[in-house]
Novice: 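Next up is a structure, given as structure tokens.
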Amino acid sequence: MKLSQKQIDILVVDPHPLFREGLKRILEMDPDLHIVAQGENGDQLAPLYERHRPDIVLLEFNLPDKSSVQALEGLIQQYPSAAVLLFSVVDDSYAVLKAFKAGAVGYLLKKMEADSIAAAIKEVVKGGFYLHPDLLAGFLAEYMKLIPRETEDAYIQSLIRRPYHLLTYREAEILQLMSEGHTNKSLSEVLSISEKTVKNHVSTILKKMDLNDRTQAVVHAIKMGWVELV
């Protein structure tokens with residue numbers, strides 16, 4: 001029975017029964033979320049997905065029978081439109097990069113609050129993606145390693161397409177600086193404007209991009225080629 005008209009069906013694959021049950025109880029406090037099935041290993045992932053066709057899969061990074069990346073790659077090969085969020089206590093940046101390369105739409109940490117997990121799920125259901133803020137700097141560092149080098153000291157990046165169709169020049173400038181790891185305080189210093197003005201710009205950028213936080217904005221900008229990796 002649907003809990004609400006716009007209910008999001010979720011498949012959880014995690015080797016720990018108590019964690020799965022706890023997650024189910026917490027998430028289903030939100031009437032828009034419903035756990036339709038649970039699995040405990042990678043071999044169950046594809047069959048459960050086929051049977052229930054969930055909107056979102058929450059997949060534990062450390063599985064007992066095979067790597068989550070293998071399981072994810074196998075699922076995406078069969079069902080390219082599957083939306084999979086990896087979640088774990090593991091905050092290794094290389095693991096995050098492997099997850100995205102395999103087709104994940106997000107990476108959560110188990111230390112997150114229930115409302116943050118729910119928000120991430122709803123974001124990816126709308127077609128977005130999610131990366132926990134604690135992982136952004138490391139993810140960017142690993143991403144940089146993959147960019148081909150023209151010389152020993154230079155990275156090559158494909159043509160940058162600034163999002164002037166969406167953002168003003170100043171907003172695009174701030175988005176670029178955000179991708180370089182600047183905080184609101186350092187942005188105010190670099191741009192010689194107040195922190196309040198910076199916060200207003202960041203809020204406007206997120207609103208225009210239809211995203212919830214600056215981490216999502218930076219990752220999306222990188223994928224779209226809107227910012228230059230320096």
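When reading the values below, keep in mind they use all heavy atoms of this one structure, side chains included, and skip hydrogens, waters and symmetry mates.
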Novice: Compare all side-chain heavy atoms of Val202 with those of Met178 and state whether any distance is below 4.5 angstrom.
Specialist: yes

Novice: How far does OG of Ser116 sit from CG of Asn212, to the nearest 0.5 angstrom?
Specialist: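 One gets 10.0 Å once the value is rounded to the nearest 0.5 Å.
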
Novice: Could you pull out the closest heavy-atom pair between Leu206 and Ala217, with the gap in Å?
Specialist: CD2-CB, 3.8 Å

Novice: Between Glu60 and Pro15, is there a side-chain heavy-atom distance shorter than 4.5 Å?
Specialist: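 With C-beta onward as the side chain, the pair touches.
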
Novice: Does any part of the side chain of Leu191, heavy atoms only, come nearer than 4.5 Å to the side chain of Arg170, both counted from C-beta?
Specialist: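 A side-chain contact under 4.5 Å exists here.
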
Novice: Salt-bridged, Lys122 to Asp30, with N to O below 4.0 Å?
Specialist: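 Salt bridge: yes.
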
Novice: Using 0.5 Å steps for rounding, measure from the CG atom of Asn184 to the OG atom of Ser194.
Specialist: 10.5 Å

Novice: So Glu171 and Thr204, side chain to side chain contact (heavy atoms under 4.5 Å, CB included) or not? Walk me through it.
Specialist: CA-CA 8 Å; Glu171 289 163 356; Thr204 300; 3.2 Å; yes

Novice: Output, in order, the C-alpha distance, side-chain angles, deciding distance and verdict of side chain to side chain contact (heavy atoms under 4.5 Å, CB included) for Ile8 and His34.
Specialist: CA-CA 6 Å; Ile8 297 170; His34 178 49; over 6 Å; no

Novice: Which pair of non-hydrogen atoms, one from Leu48 and one from Gly39, has the smallest distance, and what is that distance?
Specialist: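 Taking Leu48 first and Gly39 second, the nearest heavy atoms are CD1-CA, 3.6 Å.
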
Novice: Any side-chain heavy atom of Leu33 within less than 4.5 Å of one from Gln7?
Specialist: no

Novice: Rounded to the nearest 0.5 Å, what's the gap from CD on Gln70 to CG on Leu45? Could you check?
Specialist: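 Atom-to-atom, Gln70:CD and Leu45:CG are 12.0 Å apart.
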
Novice: Should Ile56 and Leu85 count as side-chain neighbours, where that means a heavy-atom distance under 4.5 Å?
Specialist: yes

Novice: So, Glu21 and Lys24, do they make that salt bridge, N to O below 4.0 Å?
Specialist: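 No, this pair does not count.
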
Novice: Which is it for Val190 and Leu177 under the side chain to side chain contact (heavy atoms under 4.5 Å, CB included) test, yes or no, and what are the steps along the way?
Specialist: CA-CA 9 Å; Val190 170; Leu177 291 170; 4.2 Å; yes

Novice: Could you list who else is in Tyr169's hydrophobic cluster, with ILVMFWY side chains joined at under 4.5 Å, directly or through other members?
Specialist: Tyr164

Novice: Set out, in order, the CA-CA distance, both residues' side-chain angles and the distance that settles side chain to side chain contact (heavy atoms under 4.5 Å, CB included) for Leu72 and Lys101, then state yes or no.
Specialist: CA-CA 10 Å; Leu72 172 57; Lys101 287 179 64 180; over 6 Å; no

Novice: Between His201 and Ile193, is any pair of side-chain heavy atoms under 4.5 Å apart?
Specialist: yes

Novice: Provide the full list of side-chain hydrogen bond (donor to acceptor under 3.5 Å, both in side chains) pairs with a residue in residues 72-84, sequence neighbours left out, each pair given once.
Specialist: Glu50-Tyr79

Novice: With a 6.0 Å cut-off (strictly less than), is the heavy-atom count around NZ of Lys196, excluding the residue itself, greater than 12?
Specialist: no

Novice: Do the side chains of Lys110 and Asp14 get close enough for a salt bridge, i.e. N-O under 4.0 angstrom?
Specialist: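 Looking at Asp14 together with Lys110, the answer is yes, because their closest N to O distance falls below 4.0 Å.
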
Novice: When rounded to the nearest 0.5 angstrom, what distance separates CH2 in Trp226 from CG in Leu175?
Specialist: 8.0 Å

Novice: Compare every heavy atom of Ala82 with every heavy atom of Leu75, then report the nearest pair and how far apart it is.
Specialist: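 Where Leu75 meets Ala82 most closely, the heavy atoms are CD2-CB, 4.0 Å.
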
Novice: Can you measure from CG (Leu86) to CG (Leu109) and round to the nearest 0.5 angstrom?
Specialist: 11.0 Å

Novice: Just so I know, are the side chains of Ile26 and Ile117 near enough to count as touching, which here means a heavy-atom distance under 4.5 Å?
Specialist: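 In short, these two side chains do not touch, never coming nearer than 4.5 Å.
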
Novice: Do Leu58 and Leu23 have side chains that get closer than 4.5 Å, going by heavy atoms?
Specialist: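 Of all side-chain heavy-atom pairs linking Leu23 with Leu58, at least one is under 4.5 Å.
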
Novice: When you check the gap from the basic side-chain N to the acidic O, do Lys185 and Glu195 get nearer than 4.0 Å?
Specialist: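 So Lys185 does not pair with Glu195 through a salt bridge.
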
Novice: Kindly compute the distance separating CG (Asn62) from OG (Ser68), expressed to the nearest 0.5 Å.
Specialist: 7.0 Å

Novice: Shortest non-hydrogen contact from Ser179 to Gln176?
Specialist: OG-O, 2.5 Å

Novice: Can you name the nearest heavy-atom pair linking Pro54 to Val36, along with the distance?
Specialist: CB-CG2, 4.2 Å

Novice: What heavy-atom pair brings Leu27 and Ala118 nearest, and what distance separates the two atoms?
Specialist: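 Smallest interatomic distance, heavy atoms only, reads CD2-N, 4.4 Å.
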
Novice: Do any N or O atoms from the side chain of Glu123 and from the backbone of Ala119 form a donor-acceptor pair under 3.5 angstrom?
Specialist: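 Checking the backbone N and O of Ala119 against the side chain of Glu123, no donor-acceptor pair under 3.5 Å is found.
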
Novice: Could I get the full list of salt bridge (Lys or Arg N to Asp or Glu O under 4.0 Å) partners for Arg51, not counting sequence neighbours?
Specialist: none

Novice: Would you say NZ of Lys199 has more than 12 non-hydrogen atoms from neighbouring residues, nucleotides or ligands within 6.0 angstrom?
Specialist: no

Novice: What do you reckon, is NE2 of His52 surrounded by more than 12 foreign heavy atoms closer than 6.0 Å?
Specialist: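 Yes, the 6.0 Å shell around NE2 holds more than 12 heavy atoms from other groups.
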
Novice: Taking the six-membered ring for Trp, are the ring centroids of Tyr130 and Phe87 within less than 6.0 Å of each other?
Specialist: no

Novice: Tell me whether Arg53 at atom CZ has more than 12 heavy atoms from other residues, nucleotides or ligands lying less than 6.0 Å away.
Specialist: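 Yes.
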
